[in-house]
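Here the structure comes first, spelled out in C-alpha cells, and everything after it is commentary.
Letters A, B, ... are given to chains in the order of the sequence lines, protein chains preceding strands, and every chain is numbered from 1.
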Amino acid sequence: MQFSKTLINWYSINKRSLPWRQTKEPYCIWLSEIILQQTQVKQGLPYYETFLRAFPTVFQLANANESKVLKLWQGLGYYSRARNLHATAMYIVNELNGEFPKTYKELIKLKGIGDYTASAIASICFNEPTAVVDGNVYRVLSRYFGIDTPINSTKGIKEFKSLAQELIDKKKPAEFNQAIMEFGAIQCRPQNPDCEICPLNISCLALKQKRISQLPVKIKAVKAKKKYFNFLVFISEDGKTILKQRKTRGIWQNLYQFPLIETKSEMDFDNFKNHIKNHKLLENVSFELSLYNEKSLVHKLSHQHLYTKFWIVHVKNLKTEGTAINTIKDYAVPILIGNFIESFIF
DNA sequence: AAATCGGGGTA
DNA sequence: TACCCAGATTT
C-alpha cells in the first residue's frame with residue numbers, strides 16, 4: 001500500500017521532536033497519551049514535563065495523594081483524566097506489581113484507557129499492530145478516501161477504525177500510528193491545509209472533488225446551557241476564607257471552590273444581598289457585602305456557559321473552620337477560580 | 001445513541 | 001462565532 005509508505009516516509013522527515021518520542025517506556029507513553037486526549041501538544045507539553053518531574057515512575061504517582069495530582073493537573077481540564085490516571089497508577093502498583101499490561105486487550109480494561117489509548121500504548125511500546133483513531137486520523141482518512149460518514153456516529157467510529165486497521169503497516173505499527181496522527185496535525189490540518197505540497201495530493205479523493213473544507217463530517221454538538229454562578233469569597237478578620245471540595249458528579253469533581261450559589265438569572269447587588277441573608281454560612285452573622293465584578297465573567301465550557309460573579313463577604317469570624325488565605329494557592333481549583341485568586345488582592 | 005466532561009487556540 | 005484538539009465514560 002502506497003498510502004502507508006508515503007505517510008511513514010513523510011513522518012521520518014517532518015516529525016516534531018517531542019519528549020515522549022525519545023522513549024518507549026510504557027509509563028511515559030501512557031502519561032503522554034492521557035495528557036494529550038482532546039488536548040493540543042502545545043498545551044499538554046508543560047504538564048508532561050511537570051508530571052514526569054514530580055512522579056518519575058508509576059510508583060511515585062501511585063503513592064501521591066489525589067489532591068496533589070489534581071493540583072498539578074489544574075488548568076488542563078477534563079479532570080477525570082487526572083483522577084483515573086491516579087487510580088490506574090495505584091492499580092498497576094498494587095495489583096500488577098508495577099508492571100504495565102502489554103496488550104490492547106489488557107490495556108483497555110484500565111480506567112481512563114479506551115480504544116485510542118490502548119491502541120497507542122500497545123503499538124508504540126509493544127509493537128502490537130492496533131490502529132489508533134484520533135481526531136487527526138478521522139480527518140486524514142475521511143479526506144483521502146472521501147468518506148462522509150459522520151465521525152462521531154456509531155457507524156463512523158466502526159468504519160474508520162476498521163479502515164485504519166486495514167491500512168496499518170503491521171511491520172511498523174508504532175511508526176504508522178504516529179505518522180498518520182502527525183500528518184493530520186501538521187499537513188492535513190483542519191483549516192486551510194496546503195494541499196499543493198501534500199505528498200498524497202495526487203490520490204486524495206476530497207481534493208479531487210474539492211471537498212476538503214467539508215470533510216470530515218461531524219454531527220452537530222448541542223448548544224451550551226447558560227448557568228449563573230455566584231461565589232461567596234469570605235474574608236474573616238483573622239485571615240481566613242472558605243473553600244469547599246466539589247463532591248457532586250459533573251464538572252470539576254474533587255476540585256475546590258468558594259461556596260457557590262447558583263441562581264436562575266444574573267443577580268444584582270440588592271437582589272443578591274436579600275437572597276443570601278438566610279444562607280447557613282451567614283445565619284446570625286453580621287457581614288459586609290461587596291461585588292468584585294459588576295459585569296459577569298463568562299467562562300465557556302463545552303456544554304455550559306458560566307456567567308459568574310464573585311461576591312466578597314467580610315465577616316468578623318467564620319462559622320466554620322475555614323481555610324487560611326495564605327494557603328489557598330495549594331488547592332486544586334478550576335481555572336475560573338484560579339484566575340480570580342491571582343488577580344484579587346485579599 | 002446521545003450527553004457530558006475543560007480550557008486554549010484558530011480563522 | 002464556530003470549530004478543533006494524540007477521547008473516555010456515563011446516561
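At the heavy-atom level, A/Ile113 lies under 4.0 Å from the strands shown only through sugar-phosphate atoms. Backbone-only contact: A/Gln304 has heavy atoms under 4.0 Å from sugar-phosphate atoms and none from a base. Residue contacts shown for A/Gly184 are absent, as no nucleic acid heavy atom lies under 4.0 Å away. Nucleic acid contact for A/Lys220: sugar-phosphate only, since backbone atoms but no base atoms lie under 4.0 Å from a heavy atom of the residue. Residue contacts shown for A/Lys223 are absent, as no nucleic acid heavy atom lies under 4.0 Å away. Note on A/Arg189: nothing from the nucleic acid sits closer than 4.0 angstrom, heavy atoms only. Within the 4.0 angstrom heavy-atom criterion, no nucleotide atom of any strand lies near A/Asn177. Using a 4.0 Å heavy-atom distance criterion, A/Trp73 is classed as making no nucleic acid contact. Backbone-only contact: A/Val222 has heavy atoms under 4.0 Å from sugar-phosphate atoms and none from a base. Here A/Ser153 lies out of heavy-atom contact (under 4.0 Å) with every strand. Residue A/Ser302 is in base contact, counting any heavy-atom pair closer than 4.0 Å across all strands shown. Counting non-hydrogen atoms under 4.0 angstrom, A/Gly44 reaches nothing in the nucleic acid.
Using atom P as the reference point in both B/dG8 and C/dA8, the two lie 22 Å apart (nearest Å). To the nearest whole angstrom, the two C1' atoms, one in B/dC5 and one in C/dC5, are 14 Å apart. One P atom belongs to B/dA11, the other to C/dA6, and the distance between them is 15 Å to the nearest Å.
In terms of polar N and O atoms assigned as donor or acceptor, the side chain of A/Tyr78 comes within less than 3.5 Å of the base of B/dG6 in a complementary pairing. Below the 3.5 angstrom threshold, one finds a donor paired with an acceptor across the side chain of A/Arg21 and the base of C/dA6.
Remark: C1' of C/dC3 and CD of A/Gln191 are 7 Å apart, rounded to the nearest angstrom. The nearest whole Å value for the distance from the CD1 atom in A/Ile335 to the P atom in B/dG8 is 6 Å. Rounded to whole angstrom, the span from the NZ atom of A/Lys161 across to the P atom of C/dA6 amounts to 17 Å. Going from atom CG of A/Leu76 over to atom P of C/dA6 covers 13 Å, rounded to whole Å. Between A/Lys300 atom NZ and C/dT1 atom C1' the separation is 8 Å, expressed in whole Å.
Proximity of A/Tyr27 to A/Leu52: side-chain heavy atoms (C-beta onward) are separated by under 4.5 Å at one or more points. Annotation: side chain of A/Val41 is in contact with side chain of A/Leu36 (closest heavy-atom distance under 4.5 Å). Within the 4.5 Å cutoff, no side-chain heavy atoms of A/Leu291 are placed close to those of A/Phe272.
Taking every heavy atom of both residues into account, A/Tyr47 and A/Leu76 meet most closely at OH-N, 3.5 Å.
Taking the centre of each ring, A/Phe145 and A/Phe3 come in below the 6.0 Å mark.
Between the side chain of A/Glu159 and the backbone N or O of A/Thr149, no donor-acceptor pair lies under 3.5 Å.
Both A/Asn84 and A/Gln43 lie close to DNA chain C; mapped to their nearest nucleotides by heavy-atom distance, the more 5′-ward contact belongs to A/Gln43.
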